[in-house]
Amino acid sequence: MTSPISPHHSFFKYRVALLISITVIIPLGYVVRFSRGPAPEWFNDFFGSIAYEVFWILLVVLILPRFSQIRAAVAVCLATCGVEFLQLWTPPFLQAMRATLPGRLILGNHFTWSDFISYFLGSFLGWLWVRWLHFTCFRF
């Protein structure tokens, strides 16, 4: 007779799955965002923004694993929408931060209404992903 997997083991598997997902999404998002292949620039921006949303959701849920996945997705979406609006504000200190690669990756350079579509889609896909990971790791 086999014994069921302990909740502690499932919790560990979930955290590892989140960490593996993060290690995959970071280079994937970076390559998509900054590749200058045959795809048009809007394509790279769109799918790079989706990866950006998924990354932040994975990170929030990794740091706060008992936090509601839907709340994490909504919070990340609201935060990234706020950062998008912050791009309309151009004081010297923010411009100096945006001149660096980390600042550019986190804060962005220019406001674009179409980015909101990828933020909403990325948040939805990120929520689906963490929900699926949770379901997969905790089912007995």
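- Atom CG in L59 sits 12.5 Å away from atom CD1 in I25 (nearest 0.5 Å).
- Ring pair F93/W89 is perpendicular by interplanar angle, where above 60° counts as perpendicular and below 30° as parallel.
- Atom-to-atom distance recorded for T80:OG1 and E53:CD is 3.0 Å, nearest 0.5 angstrom.
- Considering only residues two or more places apart in sequence or on other chains, F135 meets the ring-ring contact (aromatic ring centres under 6.0 Å, His included) condition with none of them.
- Atom NZ of K13 sits about 9.0 Å away from atom CZ of F138, to the nearest 0.5 Å.
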Step by step, work out the side chain to side chain contact (heavy atoms under 4.5 Å, CB included) result for V74 and S123. CA-CA 7 Å; V74 169; S123 292; over 6 Å; no
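- When side chains are defined from C-beta on, L58 does not count as touching F55, because their heavy atoms never get closer than 4.5 Å.
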Where do L94 and M97 land on the side chain to side chain contact (heavy atoms under 4.5 Å, CB included) test, with the steps shown first? CA-CA 5 Å; L94 277 179; M97 290 171 66; 4.2 Å; yes
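- Taking the side chain as every heavy atom from C-beta outward, L133 and T136 never approach each other to under 4.5 Å.
- Of all non-hydrogen atoms in Y52 and L105, the two that sit nearest each other are CE1-O, 3.2 Å.
- A heavy-atom distance below 4.5 Å is found between the side chains of E41 and R36.
- Both L125 and L62 are part of a single hydrophobic cluster, where members link through side-chain heavy atoms under 4.5 Å apart.
- Here W127 pairs with nothing under the side chain to side chain donor-acceptor pair (under 3.5 Å) rule; sequence neighbours left out.
- The aromatic rings of F120 and F116 sit tilted, their planes meeting at an angle between 30° and 60°.
- Note on I20: it does not cluster hydrophobically with V31, by side-chain heavy-atom contacts below 4.5 Å among ILVMFWY residues.
- Under the 4.5 Å side-chain heavy-atom criterion for Ile, Leu, Val, Met, Phe, Trp and Tyr, F67 and I63 are members of the same hydrophobic cluster.
- Within the model, atoms CG of D115 and CD1 of I50 stand 10.5 Å from one another, a figure rounded to the nearest 0.5 Å.
- The heavy-atom pair separating V83 from I106 by the smallest distance is CG1-O, 3.5 Å.
- Put simply, the side chain of I117 reaches to within 4.5 Å of the side chain of F46, judged on heavy atoms.
- Residues Y14 and V61 meet the side-chain proximity criterion, which asks for heavy atoms closer than 4.5 Å.
- Taking hydrophobic clusters as Ile, Leu, Val, Met, Phe, Trp and Tyr residues chained together by side-chain heavy-atom distances below 4.5 Å, L128 does not share a cluster with Y119.
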Evaluate Q95 against T90 for side chain to side chain donor-acceptor pair (under 3.5 Å), listing each step before the verdict. CA-CA 6 Å; Q95 293 301 83; T90 58; 5.3 Å; no
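- For the pair E84/T112, a side-chain contact is recorded, criterion being any heavy-atom separation below 4.5 Å from C-beta on.
- Summarising the local packing, CZ of F124 is surrounded by 12 or fewer heavy atoms from other residues, nucleotides or ligands at distances under 6.0 Å.
- Y30 and F34 have tilted rings, their planes meeting at an angle from 30° to 60° on a 0 to 90° scale.
- The two residues L107 and Q87 have their closest heavy-atom pair at O-NE2, 2.8 Å.
- The minimum heavy-atom distance linking A39 with N44 is given by the pair CB-OD1, 3.8 Å.
- A 4.5 Å side-chain heavy-atom check between F11 and R66 finds at least one atom pair inside the cut-off.
- Note that CD of Q69 is 7.0 Å distant from CZ of R131, once rounded to the nearest 0.5 Å.
- Taking every heavy atom of both residues into account, S49 and S118 meet most closely at CB-OG, 3.1 Å.
- Partners of W42 under the ring-ring contact (aromatic ring centres under 6.0 Å, His included) rule, at least two apart in sequence or in another chain, do not exist in this structure.
- Note: the hydrophobic cluster containing I70 also contains V130 (ILVMFWY, side chain heavy atoms under 4.5 Å, direct or indirect links).
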Side chain to side chain donor-acceptor pair (under 3.5 Å), that's the test. Do S21 and W129 meet it? Break it down for me. CA-CA 9 Å; S21 297; W129 184 251; 2.9 Å; yes
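- The shortest heavy-atom contact between G122 and V54 is O-CG2, 3.6 Å.
- Residues P65 and H134 fail the side-chain proximity criterion, which asks for heavy atoms closer than 4.5 Å.
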